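A short write-up of the structure that comes next.
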Protein chains: 4
Amino acid sequence: MSDREDQLVGDFPLVPKQERAQQKRNALLESGHALFISKGYEQTTAKEIAAKAGVATGTFYRYFLDKRQLLMALLEDKIEKLMPPEPSWVIGNPETRLAELFEVHGNRLQRLGLHRVLPELILKDPELSKVIASAKLKIHSRIYAGLQKASEKGLTWNDLDLNTLTWSIMLLAENTTGKVLESGDTEEYQKTAKIICRMVFPPEVLKKLQTDENYEENLEN
Amino acid sequence: MSDREDQLVGDFPLVPKQERAQQKRNALLESGHALFISKGYEQTTAKEIAAKAGVATGTFYRYFLDKRQLLMALLEDKIEKLMPPEPSWVIGNPETRLAELFEVHGNRLQRLGLHRVLPELILKDPELSKVIASAKLKIHSRIYAGLQKASEKGLTWNDLDLNTLTWSIMLLAENTTGKVLESGDTEEYQKTAKIICRMVFPPEVLKKLQTDENYEENLEN
Amino acid sequence: MSDREDQLVGDFPLVPKQERAQQKRNALLESGHALFISKGYEQTTAKEIAAKAGVATGTFYRYFLDKRQLLMALLEDKIEKLMPPEPSWVIGNPETRLAELFEVHGNRLQRLGLHRVLPELILKDPELSKVIASAKLKIHSRIYAGLQKASEKGLTWNDLDLNTLTWSIMLLAENTTGKVLESGDTEEYQKTAKIICRMVFPPEVLKKLQTDENYEENLEN
Amino acid sequence: MSDREDQLVGDFPLVPKQERAQQKRNALLESGHALFISKGYEQTTAKEIAAKAGVATGTFYRYFLDKRQLLMALLEDKIEKLMPPEPSWVIGNPETRLAELFEVHGNRLQRLGLHRVLPELILKDPELSKVIASAKLKIHSRIYAGLQKASEKGLTWNDLDLNTLTWSIMLLAENTTGKVLESGDTEEYQKTAKIICRMVFPPEVLKKLQTDENYEENLEN
DNA sequence: TATGAATGAGAGTTCATTCAT
DNA sequence: CATGAATGAACTCTCATTCAT
């Protein structure tokens, strides 16, 4: 059946079945994502998702058990791509680095975009809650670990509650991106970065880190 | 029809028509509030709200246009009571004061409780968006004004972006209360207050404010 | 509210709420019954049942959980009325009596009418199975008891298997009515009655019973 | 299907196209039969039938117009094999013979097995009705003919309604097998046979037939 | 005014059937 | 011919909203 494809001299190999299915599945995911974000989860119907993806209603149900499962798939899918390479907080100018980090990280959170869709759902879907909680936990521990390292080196305030700090950062990161997407003003990243640095580093350390980009590395020796 | 009651020479209902209606309306508001918070807006039916309020389904529609309007009323209602007396940020130990403020303020935000319900709704209801935005704006300007005063007195970092700072504070306040309600650990307020102070005040000012409770007042003179 | 009705001098008492609900419920039952019989259970939709009963689709679901439950209700309802007063088999001409019995009994089974609808359903609905089985059992034991009495008086064949006989009778009764309803020929009752008498009574007893209507009573003394 | 491999003596599939098609068709028939019996007609999907037969959904529709037509084919197919060689009712002990007959005949009816599936379908499918009615008619006339012969020889009750009797016998036969299949108790055949003999033969003839196995043949001379 | 039964549009889902590969 | 993904009509059931009492 698909043997013929092999004989095609290489020009336009028909997309193999599996891949086409993947395509359709992705189209549905995309479509679902877009609609969830723009109209909200409850306001989006399976029919619409299918229509926007250019397939029939029934096709939706070939790929997903139901709307909820599409959302879950969406989350897993996106969460995969969510984990940022979390570099040292203390190499280079922390404000700049944080701003960058925010931009990347927050952008992802935002592209995931579902954060506006999720709150209500969490109320009625404990499983969903779990998935999200565990994703957040992963992010949390990355940030936490980074802070801890800095803390151990005596770079941070010495009376810092790392846990509270961590989720404060997450919260600000997530919402900064939201702001930026709405306003288009990317300077927000800088501003928030500065605020967070104030939360983390005593002023003199911060100054050192900013002027002497190798300060921290030198410290290690 | 029930006018007759009024003519009853004193035998009967002390509660005047209007007041009884008010009671019913309030019962519906309460009931709606509770259900929205515990199950989510979409998951709550008009019938349920009425039942929990102890009235018939139809009665719901005598007091509210529809479910959505009840939500709006709820917001206006709650927002009224939401505005905290926002005293000077700089009298007394700021951390303590902030912690107190958080507790009061955040508690209100929380009691309003709808923040978990709103995100999705905002997507489909621009009017709702406006109501909420304006409420947030009010809170924002209070905080902002307070910060500005402090800033003018030279108590804060001099490169502070007041706007960003303000919404960071709001964000943290709102979510801290959420945390506390979940965990029951009221120390969170303290911790977050400390973090926010770091964002606002340079360490030396902070110390001054904490040791010399009249520092700021003296400054004024 | 319905107090007013009491004051009506007797002319046109409004049907009380409860009764009206009963009416509607009954309309649905009737409608369901008719449709199940004429088109089969699976071929009948809830919408149709509602439409035929002159109510909206949603109303159907106020009174019944679903189509299946309507069927169950139908069964219980009808089965109630199904139990025939099963008089002695041996007073009067047995053939005549049986013919009468068939007519009444079979007619009921038939009016119940669901026997053509049930077989397939039984395959997928164990609970339904139970309801029906227990109804059949009740009928079975009535017939059985009658036969036993006759048997004890030595009126029947002495090597009779009462159980097999009983269900044979039920089978024939049920199907005779079916035949009659299709053909309109009520003589079938007579014919089947005669056949059954052959199954039950030895010829000489039968003759006695037919000629001497008091034969059996005399026997007792 | 995978037979081909075995036969690949080198050149080609020995199994001619037609035969392979036949095989597939049969597989589908079997599969449909099994599923109809175990889950009911409406509860069985074309997809399932195909799957159980080991072919694709689409293939189903190459062999059958639709599910209904498969059922029809099934009936014709099975009915072919349904007609029992109906020997004289009056050679040998009638009870024994009948019991045997029941076992064979009823077994077939049962193996056909669709009797639990058909009732509802008949309601919506007049054509199906016809097919079945005609099949039953064939069986009916065989039994009828046998009874008539016996009747002509004066072996039966002289006031017998042969028609009613015939369908009574069919009814009992069909259901006895049902009982036996459920209970496993093959004695039921005997019991029902005895009952039917009571319906057909006067006691003295029956006795004769049972003691003198040649009684009837002698009669002929 | 209060009531709650009734309404019916519409969401979710299934499955007989078609059709591109 | 076989395949199985795709289709979309049709079904079940819910719930915001209306309306007769």
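Note that the coordinates shown come from a computational prediction; the quantities given were computed from them, not determined experimentally. First the proteins, then the strands, lettered A, B, ... as listed; each starts at 1.
If you check every strand for non-hydrogen atoms under 4.0 Å, C:T59 touches a base. Within the 4.0 angstrom heavy-atom criterion, only backbone atoms of the sugar-phosphate kind lie near B:Y63; the bases stay farther away.
Atom pair A:Q43:CD and F:dA16:C1' shows a separation of 14 Å (rounding to whole Å applied). Between the CD atom of B:Q69 and the P atom of F:dA16 there is a distance of 15 Å, given to the nearest Å. Note: CD (D:E48) to C1' (E:dT17) measures 16 Å, nearest angstrom. When the C1' atom of E:dT3 is taken as reference, atom CD1 of B:I49 falls 17 Å away, rounded to whole Å. One atom, CZ of D:R68, and another, C1' of E:dT17, lie 16 Å apart when rounded to the nearest Å. Protein atom OH of B:Y61 is 13 Å distant from nucleotide atom C1' of E:dT7, rounded to whole Å. B:Q22 has its CD atom 16 Å from the C1' atom of E:dT1, to the nearest Å. Here the P atom of nucleotide E:dT18 and the CZ atom of A:R62 are 17 Å apart, to the nearest Å.
Toward the 5' end of DNA chain F, the nearer of the two residues A:A56 and D:G58, judged by each one's closest nucleotide, is D:G58. Ranked by how close their nearest DNA chain E nucleotide is to the 5' end, C:K47 and B:T57 are led by B:T57. Across the interface with DNA chain E, nearest-nucleotide mapping of A:T45 and B:V55 shows B:V55 to be the residue nearer the 5′ end. Between B:K67 and A:F60, the residue anchored nearer the 5' end of DNA chain F, judged by the nucleotide with its closest heavy atom, is A:F60.
The structure places CD of B:Q23 at 12.0 Å from CG of B:L28, a figure rounded to the nearest 0.5 Å. Going from atom OH of D:Y41 over to atom CG of D:L118 covers 10.5 Å, rounded to the nearest 0.5 Å.
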message = Does C:Q43 form a side chain to side chain contact (heavy atoms under 4.5 Å, CB included) with D:L123? I'd like the steps, not just the answer.
response = CA-CA 9 Å; C:Q43 281 69 48; D:L123 289 173; 5.9 Å; no
ask   = Checking side chain to side chain contact (heavy atoms under 4.5 Å, CB included) for the pair D:F60/D:V55: CA distance, chi angles, key distance, verdict?
value = CA-CA 7 Å; D:F60 177 96; D:V55 301; 5.6 Å; no
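In this structure the side chain of D:L70 reaches within 4.5 angstrom of the side chain of D:F36, judged on heavy atoms.
Pairing for F:dA10 is with E:dT13, a Watson-Crick or G-U wobble pair whose two hydrogen-bonding atom distances lie under 3.5 Å. Nucleotide E:dA20 has F:dT3 as its partner under the Watson-Crick or G-U criteria, with both atom distances under 3.5 Å.
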